[in-house]
Amino acid sequence: MKDLVVAVYDGVVLLDVAGPVQILHGSCGYRIRHASVDGRPARTDVGVPLGVDLALGEIEGPIDTLLVPGYAPPDGDRPGEAFLKALRDLGARARRVASVCTGALLLAEAGLLDERRATTHWAACAELASRFPRITVEPDAIFVRDGPVVTSAGVTAGIDLALALVEEDHGPDIARAVAKYMVVFLQRPGGQSQFSVRGAVPATRHPALRRLLDVVAADPGGDHTLAAMAAQVALSERHLTRLFRREVGLTPGQYVEQIRVEAAQALLETSAEPVASIARRCGLGSDETMRRTFLKVLGATPTAYRQRFRTTSRSPMIPKENI
């Protein structure tokens, strides 16, 4: 039986806690304890109280796994320095440290992600990268394992992370059985880019760049080559590229591609327009080019994406025996 501590606090996302704990409990391989700074119940982001077993400072000796759930991005209630101090102490004594969603930012603030690869909720990846330049952020990953530290993307990605921990600790057969019982993917298709929106790009303080970002978002199918964009804001191509990397965290080409993909996503979700027509409208060229781009950026084809995210009222009912 492996000792697993879930570090909770006021403002913690309920599903960040409940999802992984349900998976880990279902494997019957863990002694799970919830702990807060003062040993008192925590108030979750949706107001549901969460009971705890003890205070973080009362945990003695080594533990197997420290699990840190997140707060609601981008500006939910965050724990204070006492919580971070406890994370530093427990992280040094844990065989493995894991975070769900914005819990990665708490690990970063505690110094537990320095010089490591990590991910977090897509809406917080830019913040993680800009605030902690010593961390290599992988924004499309569902979860990232770097040595003894595992970080996951937002909210339900904690379920993916927990299944990976179960597989690592108890083997693929048990992980597969738990996933089947919970009616979830053992390994879901695609990355978290398929869930992002333009609002994930941080606000820039540079007026010319801000104007350019708005132009690209307003007309994804327009001429947005590096040369055309640089001329539009009267900047050199090199300077514009530096601005994009510093303010947006992407190259100009990556930003344009992301905007075009997201425009295509919106049309796939809300219309019956053919893929070839959507590709042309969004600046993605042909349906084959759009297919390759979707596979690269989202890990799914346009057709698969449409089937997965089309409005549920238009989707056929799935027979119970096939669930």
To the nearest 0.5 Å, tell me how far Leu128 CG sits from Glu138 CD.
-> 11.5 Å
Report the C-alpha distance between Val17 and Thr44 in whole Å, list the side-chain angles of each, state the deciding distance to 0.1 Å, and finish with yes or no for side-chain contact (heavy atoms from CB on, under 4.5 Å).
-> CA-CA 9 Å; Val17 178; Thr44 64; over 6 Å; no
Thr293 side chain to Thr289 backbone, donor-acceptor under 3.5 Å = yes
Does Asp219 offer a backbone N or O that forms a donor-acceptor pair with the side chain of His224 under 3.5 Å?
-> yes
State, with a plain yes or no, whether a side-chain heavy atom of Leu163 is found less than 4.5 Å away from one of Val184.
-> yes
Check whether any side-chain heavy atom of Phe132 lies under 4.5 Å from a side-chain heavy atom of Leu113, and answer yes or no.
-> no
Sidechain-backbone polar pair: Glu127 side chain, Ala124 backbone, donor-acceptor under 3.5 Å | no
Side-chain contact test, heavy atoms from C-beta onward, threshold under 4.5 Å: evaluate it for Pro148 versus Val97 and give yes or no.
-> no
Judged by atom type as modelled, is there a donor-acceptor pair below 3.5 Å linking the side chain of Arg134 to the main-chain atoms of Asp114?
-> no
Does a sphere of radius 6.0 Å around CZ in Arg131 hold more than 12 heavy atoms from other residues, nucleotides or ligands, not counting ones at 6.0 Å or beyond?
-> yes
Side chains of residues 5-13: which donor-acceptor partners sit under 3.5 Å, not counting sequence neighbours?
residue, atom, partner, partner atom, Å
Tyr9, OH, Pro69, O, 3.0
Tyr9, OH, Gly70, O, 3.1
Tyr9, OH, Tyr71, N, 3.1
Asp10, OD1, Arg43, N, 2.8

Determine the minimum heavy-atom distance between Ile174 and Ser27, stating which atoms define it.
-> CG2-CB, 4.2 Å
What is the ring orientation for Tyr305 with Phe294, classed by angle as parallel under 30°, tilted 30 to 60°, or perpendicular over 60°?
-> perpendicular
Cationic N near anionic O, under 4.0 Å, Asp3 to Arg95 = no
Flag yes if Leu14 and Ile159 sit in one hydrophobic cluster, no otherwise; membership is Ile, Leu, Val, Met, Phe, Trp, Tyr, and two members link when side-chain heavy atoms are under 4.5 Å apart.
-> no
Between the side chain of Arg93 and the main-chain N/O of Ile59, is any donor-acceptor distance below 3.5 Å?
-> yes
Do Thr136 and Arg117 have side-chain N/O donor and acceptor atoms under 3.5 Å apart?
-> no
Considering all heavy atoms of both residues, which atom of Gly158 and which atom of Pro20 are nearest to each other, and what is their separation?
-> O-CG, 3.6 Å
Looking only at heavy atoms, the pair that brings Cys282 and Ala264 closest together is SG-N, 3.6 Å
Using a strict 4.0 Å threshold on nitrogen-to-oxygen distance, state whether Arg210 and Glu247 make a salt bridge.
-> no
Working for side-chain contact (heavy atoms from CB on, under 4.5 Å), residues Arg116 and Ile135 | CA-CA 5 Å; Arg116 295 192 184 278; Ile135 299 171; 5.8 Å; no
Between Leu240 and Leu212, is any pair of side-chain heavy atoms under 4.5 Å apart?
-> yes
Could you please spell out the steps behind the side-chain contact (heavy atoms from CB on, under 4.5 Å) verdict for Leu66 and Ile63?
-> CA-CA 7 Å; Leu66 172 65; Ile63 59 175; 4.1 Å; yes
Backbone of Thr251 reached by a side-chain donor or acceptor of Gln254 within 3.5 Å = yes
Treating Ile, Leu, Val, Met, Phe, Trp and Tyr as nodes and any side-chain heavy-atom pair under 4.5 angstrom as an edge, say whether Leu90 and Leu87 lie in one connected cluster.
-> yes
Just one of Ser130, Pro73, Pro139 clears the side-chain contact (heavy atoms from CB on, under 4.5 Å) bar with Cys125, so which one?
-> Pro139
Exercise: identify the closest heavy-atom pair between Glu237 and Ala230 = CG-CB, 3.9 Å
Is Arg96 paired with Glu168 through a side-chain N to carboxylate O contact shorter than 4.0 Å?
-> yes
Leu15-Leu105 co-clustered via ILVMFWY side chain contacts under 4.5 Å = no
Using a 4.5 Å cut-off on heavy atoms from C-beta on, say whether the side chain of Val100 contacts that of Val68.
-> no
Between the side chain of Thr151 and the main-chain N/O of Thr119, is any donor-acceptor distance below 3.5 Å?
-> yes
Within a reach of under 6.0 Å around CD of Gln22, are more than 12 heavy atoms found that belong to other residues, nucleotides or ligands?
-> no
In terms of hydrophobic clusters joined by side-chain contacts under 4.5 Å, are Leu67 and Leu54 together?
-> yes
CD of Gln232 to CE of Met229: how many Å apart, nearest 0.5 Å?
-> 9.0 Å
Kindly give the heavy-atom pair with the smallest separation between Leu267 and Arg306, and that separation in Å.
-> O-NH2, 3.8 Å
Could you check Asp64 against Arg31 for side-chain contact (heavy atoms from CB on, under 4.5 Å), going step by step and ending with a plain yes or no?
-> CA-CA 10 Å; Asp64 183 79; Arg31 174 199 181 201; over 6 Å; no
Would you say Arg40 and Val52 make side-chain contact, with heavy atoms under 4.5 Å?
-> no
Quick one: do Val48 and Val155 end up in the same hydrophobic cluster if we chain Ile, Leu, Val, Met, Phe, Trp and Tyr together by side-chain heavy atoms under 4.5 Å apart?
-> no
Less than 4.0 Å between a side-chain N and a carboxylate O, is that true for Glu81 and Lys85?
-> no
How about Leu106 and Thr102: do any of their side-chain heavy atoms sit closer than 4.5 Å?
-> no
Heavy-atom closest pair (Cys101 atom, Asp16 atom, distance to 0.1 Å) is CB-OD2, 3.2 Å
Say whether, by atom type as modelled, one donor and one acceptor occur between the side chain of Arg245 and the main chain of Pro252 under 3.5 angstrom.
-> no
Between Tyr30 and His170, does the ring centroid distance fall short of 6.0 Å?
-> yes
Answer yes or no: is there an ion pair linking Asp53 with Arg33, defined by an N-O contact shorter than 4.0 Å?
-> no
Do the side chains of Leu268 and Met290 get nearer than 4.5 Å, heavy atoms only?
-> yes
